[in-house]
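Before any comments, here is the structure.
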Amino acid sequence: MPESRTPVLVVGAGLAGCVLALELAHHGVPSIVVERASKPPRHPELNLVTGRGMELLRRLGLADTVRAAGDDADSPAAVVWSRAIGETPVLVNAVPSANELRRQYACDRNGSAPVEPYVLLTGAGLTTRLRDAVRGNRLIDLREGWTFTDLRLEADRTVATVLDAASRVRHEIEAGYLAGCDGAQSTVRRCLGVPLEDAITPARHCTVTFRSESLQHPYPGLSMIIADGMALSRRAGNDLWIGHLPLEEEDTDVSDPAALLNRRLGIQASEIVGVTPWQETLGVAGTYRRGTAYLVGESAHRFHPPSATVDTCLADAVDLGWKLAASVARWGGPGLLGSYEGERRREAMLERETLSRSLEARQRFGRLAAEGASTAQLAAVLRREAPHMNPAGTTASHHATSTVVWHDNAGAGTRLPAVRLSGGELLFDLLGPQFTLIDLTHGLHGRPLVASAVARGIPVTHLPVDDDPLRADWRSRLVLVRPDHFVAWRAPERPSDWDAILDVVTGHRVQDHVNT
């Protein structure tokens, strides 16, 4: 007998699953989250949550708790390129500390900089903090030790089969929507029959977490050392190293990772903490949706090892979360949920391209070093081609083709500038939980527009802003902002057909013309 129907069932309580459930709760929508692990996560690999990612967490009141689990905010980071482990670096790409960037961001006047600096923390630290927030939220029913095994798609719902490990009892859960957030080896994706489209020929790799007294670490804070075609990283004040090693044809057995490290890098490991074999493919799901079931985060795109940031997974969860909430509340049209794949799959493809270029740069560096290129030649190639850690994140992201953005005016579909007003307030902190209409007119011309939207059941917060410097900087006097900080519509004056704009941005119809 199925349980009573829940609005949303979330499979997986990792980064994507926790943020999705918390985003739903932010909009007043309850959910059930099933997570097969009953013990705290153990992921020693470092995650970068960029400034943009922290902006999204700040909306949910999570920025401080995540930052508390992170590395020293006064410690800088570095990417070190070397011919071999222990040799003098060819080039060091330095990254300022989080607190140094916070001071720089405070001087930003046009809002292009994020309101929060980045944070570096382990995957275990990030997931633990988010899961604690999930446990403490009255709208979220977290069931740890429950394993998702199968699903059945019906016309207006998804019925999931889950196994309670403690009681060994199988349950059926009916959900208006199901979100597969169960990682790179997603069972939900397999049950939906969705293939991954790989960008490159699969290549075998191995991640080894280890300790070594012989390996020196002369660089401050977090450093990633790229040498011999491999990448090694270590946190400040921590003796734990993480190495990502491409495997060669003769590396058929990785059961002795200490011997592998010694053979490939000349490193004597005093302790092996963990070993994870994986294949590098950079796969993106062919579709993010089947019926009322959706793929989110690493279920939708498998980039292993995880890319330099977790922003794409985090933004997937926020995007789907607010759109699911709109559909549950019945003010979101079918096109709103339909836009999830269009917006988020495009971002995954862009990230995949970035990762492909990063891998190519590493391989080219290794080939040139092996061929005897001089230090000056190698440094010149790296300055021209090597990817750099981007602590700000994708603040310039643009939903240029989104079907739920009104595209008549320049700036629509871009992230709202994160300006600080004359009184010192951050504009982002004044936004409402759903749509917000920023009103820079002297006559509060946005008030009747908001009243009209609310009369239709569309939640829009009216935000009058009396700020002359902002009026001088912005041509638009009326700016409609989505829950994820993106501009849905903007104009210098009241529109002639406000209902048409509302229809488009809430997914009830497609814009039938675009002025250029």
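- Between Arg143 and Ile173 there is a side-chain heavy-atom pair separated by less than 4.5 Å.
- Other residues, nucleotides and ligands contribute at most 12 non-hydrogen atoms within 6.0 Å of the CG atom of Asp64.
- Across all non-hydrogen atoms, the minimal contact from Leu24 to Ser31 is CD1-CB, 4.1 Å.
- A donor-acceptor contact shorter than 3.5 Å is absent between the side chain of Thr158 and the backbone of Ala175.
- In summary, the side chains of His398 and Thr414 do not present any donor paired with an acceptor at a separation below 3.5 Å, with no hydrogens or angles considered.
- Summarising the geometry, atom CG belonging to Leu130 is positioned 9.5 Å from atom CG belonging to Leu60; distances are rounded to the nearest 0.5 Å.
- Leu126 CG to Leu121 CG: the interatomic distance, rounded to the nearest 0.5 Å, is 5.0 Å.
- Within the 3.5 Å criterion, the main-chain N or O of Gly297 finds a donor-acceptor partner in the side chain of Asp316.
- To the nearest 0.5 angstrom, Asp319 atom CG is 8.5 Å from Ser402 atom OG.
- Ion pairing of Glu341 with Arg289 is absent here, as no side-chain N (NZ or NE/NH1/NH2) approaches a carboxylate O to less than 4.0 Å.
- Looking at heavy atoms from C-beta onward, Val115 lies out of side-chain contact with Asp429 at the 4.5 angstrom threshold.
- Put simply, the side chain of Thr375 never gets that close to the backbone of Val90: no donor and acceptor are under 3.5 Å apart.
- Under 4.0 Å is where a charged nitrogen must lie from a carboxylate oxygen, and between Arg135 and Asp132 at least one such pair does.
- A donor and an acceptor atom, one from each side chain of His301 and Arg344, are nowhere located under 3.5 Å apart.
- With a 6.0 Å radius and a threshold of 12 heavy atoms from other residues, nucleotides or ligands, Arg352 has its CZ atom above the threshold.
- Side-chain contact annotation: Thr161 with Thr149, donor-acceptor N/O pair under 3.5 Å absent.
- Side-chain contact check for Val34 versus Thr147: every heavy-atom pair is 4.5 Å or farther apart.
- No salt bridge links Arg59 with Glu55; every basic N to acidic carboxylate O contact stays at or beyond 4.0 Å.
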If you apply the rule side chain to side chain contact (heavy atoms under 4.5 Å, CB included), what do you find for Glu298 with Ser186, and how did you get there? CA-CA 8 Å; Glu298 290 188 349; Ser186 172; over 6 Å; no

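- In this structure, CH2 in Trp81 is found 7.5 Å from CG in Asn93, a value given to the nearest 0.5 Å.
- Side chains of Arg482 and Val405 form a contact here, defined as non-hydrogen atoms less than 4.5 Å apart.
- The shortest heavy-atom contact between Leu139 and Asn137 is N-OD1, 3.0 Å.
- Heavy-atom minimum distance, Leu314 versus Gly53: CD1-O, 3.8 Å.
- No donor-acceptor pair under 3.5 Å is formed between the side chain of Arg383 and the backbone N or O of Leu378.
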In sequence, state the C-alpha distance, the side-chain angles, and the governing distance for Leu153 and Leu192, and then conclude on side chain to side chain contact (heavy atoms under 4.5 Å, CB included). CA-CA 9 Å; Leu153 292 175; Leu192 293 175; 4.0 Å; yes

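- With no hydrogens or angles considered, no side-chain donor-acceptor pair links Ser97 and Glu100 at under 3.5 Å.
- A side-chain donor from one of Asp182 and Ser299 sits under 3.5 Å from a side-chain acceptor of the other.
- By the 4.5 Å heavy-atom criterion applied to side chains, Tyr177 and Leu320 are not counted as neighbours.
- Ring orientation note: the planes of Phe210 and Trp241 are close to parallel, at an angle under 30° on the 30°/60° scale.
- Taking each heavy atom of Phe303 and Gly283 in turn, the nearest pair found is CE2-O, 3.8 Å.
- When atom types are taken as modelled, the side chain of Glu35 and the backbone of Ala13 share a donor-acceptor pair closer than 3.5 angstrom.
- Put simply, the side chain of Arg189 gets close to the backbone of Ala184: a donor and an acceptor are under 3.5 Å apart.
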Side chain to side chain contact (heavy atoms under 4.5 Å, CB included) assessment of Val381 paired with Phe365: CA-CA 8 Å; Val381 169; Phe365 172 73; over 6 Å; no

Steps toward side chain to side chain contact (heavy atoms under 4.5 Å, CB included) verdict (Glu343, Phe486): CA-CA 12 Å; Glu343 291 186 357; Phe486 283 94; over 6 Å; no

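- Not a single donor-acceptor pair under 3.5 Å links the side chain of Arg302 to the backbone N or O of Asp198.
- The minimum heavy-atom distance linking Met230 with Leu245 is given by the pair SD-CG, 3.7 Å.
- With hydrogens and angles left out, the side-chain atoms of Glu347 and Thr312 include no donor and acceptor closer than 3.5 Å.
- In this structure, Val194 and Leu295 have side chains that are in contact, with non-hydrogen atoms separated by less than 4.5 Å.
- In this structure a side-chain-to-backbone donor-acceptor pair under 3.5 Å is present from Arg67 to Pro117.
- A pairwise comparison of heavy atoms in Val318 and Asp484 identifies CG1-CB, 4.0 Å as the closest pair.
- Between atom CG of residue Leu247 and atom CG of residue Leu260 there is a gap of 6.5 Å, rounded to the nearest 0.5 Å.
- A distance of 13.5 Å separates CZ in Arg129 from SG in Cys18, rounded to the nearest 0.5 Å.
- In this structure, the side chains of Tyr340 and Val296 come closer than 4.5 Å at one or more pairs of heavy atoms.
- With a 4.5 Å cut-off on side-chain heavy atoms, Pro30 and Thr6 do not count as touching.
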